[in-house]
*Asks:* 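Below is a structure I'd like to ask you about.
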Amino acid sequence: MANRPLVFGVLNVTPDSFSDGGLWDSPDSAIEHARAMVADGADVIDIGGESTRPGAARIDHGEERRRVEPVIRALVSAGISVSLDTMRADTARRGIDLGVDYINDVSGGLSDPAMLGVVADSDVTYIAMHWRGESDVMDGNTIYGDVTRDVLTELRVRIDAVLGAGVLPGKLWIDPGLGFAKTPVHNWQLLRDLNQFAALGYPVLVGASRKRFLAPFGEQPADRDQATAIISVLSAEAGVAAVRVHDVARTVEALDVRNSWWGGAG
Ligand code: PMM
C-alpha cells in the first residue's frame, strides 16, 4: 500500500517492557511474532533489546546484543525489513553488519557519543527521537514553556548534530518522542501539532502505541489498541511517514479504511 504511512511492528525482546515485556524474549517466540506481524501487514519490524519504559534501568550492552542478534539474523535472512531500537553505538554497528535498514535511537544520539559516527559510516536510515534523559529520570524532566515549540527547537539541535556527523539528509527521520519526558497533556499537544514536525522536511515516525497517556481508553496496555489505531489514522492525516505499533492488524485496517475514504489516494 503505497499511500499509507509505513507500519513498524514493535518487537521488544525484553523481559520488562511495559506492554509486551517477557512475551518474546526467546528467539523462537520473537521470530514467530515478527512473522505474524508481517502477515498482518507490517512493513518493518522494530526490534528492541532494552526496555525504555519509565523507571527502567540500563542493561549491560552484551546482554542487549545477545537478545537482538539471533532475531535480526533470522528476520533479515527471511527478507524482512528490520529497524533496531538501540541507544548504543556498538549494538547499532552489529545490527548494521547484520543488515538492518533503520537504527531507531530514542536518545537522538545523546546517549552514546559514538552513535552518529557509526550511522554516518553506513547507509542505514537513522531515526532521531526527542529525548531528555534516561528512562529512570525522564519523568522529572517534563518542564516546557510551549511543548511543541521546545521539542521542535531541541529536535533541530539534534538534526544539526546528526547532519554534522555526516549522516545524509535523505537518511534522517525524526520523532517527537511521545511519553518520553512528556505528560499526557504534552503528548496530546504534540499529536495535535504533528504537521509542524512534518514541516521540518524529514519523515516523521510516531510511537503512541499503548502508552500511558491512552489509559483513559484502556486500563491495561493491550486494551489501548483501538485508541492507537485511531491515532495512526489521525497521524496519517497529519502527514507522518510511519507509525510504530504493537497491534499491526488493527492499525493496518484503520489505515486501509482511511485509504478507501480518500478513494485509494490517501
Ligand atoms: N517508544 C518506545 C520505544 N521505542 N522508538 C521511537 N522511535 N518512538 C517511540 O515513541 C518509541 C520508540 C517505548 O514503547 P515500547 O515500550 O512499547 O517499545
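Computed from a predicted model, the values in this text were never measured in an experiment. Because only heavy atoms are used, hydrogens play no part in the values below, and waters and symmetry mates are left out as well, while side chains stay in. Whatever order the structure lists ligands and atoms in, that order sets their numbers, starting from 1.
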*Asks:* Could you tell me which atoms of ligand 1, counted from 1 in the order shown, lie closer than 4.0 angstrom to a heavy atom of V106?
*Replies:*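 Near V106, meaning under 4.0 Å from one of its heavy atoms, ligand 1 has 4 (N), 5 (N), 12 (C).
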*Asks:* Out of D175, V243, V245, whose heavy atom is nearest to atom 6 (C) of ligand 1?
*Replies:*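 The nearest heavy atom belongs to D175.
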*Asks:* Side chains of D46 and Y102, heavy atoms from C-beta outward: is any pair under 4.5 Å?
*Replies:*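 Contact flag for D46/Y102 side chains = no.
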*Asks:* Quick test of your reading of the model: are R244 and D85 salt-bridged, counting only N-O distances below 4.0 Å?
*Replies:*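 A salt bridge is present here (some side-chain N lies under 4.0 Å from a carboxylate O).
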*Asks:* With a 4.0 Å cut-off on N to O distance, would you call E154 and R158 a salt bridge?
*Replies:*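 A salt bridge is absent here (no side-chain N lies under 4.0 Å from a carboxylate O).
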*Asks:* Between R210 and ligand 1, which part of the residue brings a heavy atom under 4.0 Å of the ligand: side chain, backbone, both or neither?
*Replies:*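 Neither; no heavy atom under 4.0 Å.
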*Asks:* Which is closest to atom 4 (N) of ligand 1 in terms of heavy atoms, T14, L11, D85?
*Replies:*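 Closest candidate by heavy-atom distance is D85.
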*Asks:* Test your reading of the model: is there a side-chain donor-acceptor pair from N12 to the backbone of T14, 3.5 Å cut-off?
*Replies:*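 Checked: no pair found.
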*Asks:* Does a donor on one side chain sit under 3.5 Å from an acceptor on the other, for Q196 and T148?
*Replies:*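 The answer is no; no qualifying pair exists.
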*Asks:* Which ligand 1 atoms are under 4.0 Å away from a heavy-atom of G207?
*Replies:*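 Answer, ordered by atom number: 10 (O).
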*Asks:* May I ask you to say whether E63 pairs ionically with R66, meaning some side-chain N is under 4.0 Å from a carboxylate O?
*Replies:*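 Between R66 and E63 there is a salt bridge, with a charged N closer than 4.0 Å to a carboxylate O.
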*Asks:* State whether the shortest distance between N or O atoms of D46 and N or O atoms of ligand 1 falls below 3.5 angstrom.
*Replies:*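 Among all N and O atoms of D46, none is under 3.5 Å from an N or O of ligand 1.
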*Asks:* Can you tell me if H246 has a non-hydrogen atom under 4.0 Å from ligand 1?
*Replies:*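 Per 4.0 Å heavy-atom rule, H246 contacts ligand 1.
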*Asks:* Tell me the contacting part of N12 for ligand 1: side chain, backbone, both, or neither, using a 4.0 Å heavy-atom threshold, strictly below.
*Replies:*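 Just the side chain.
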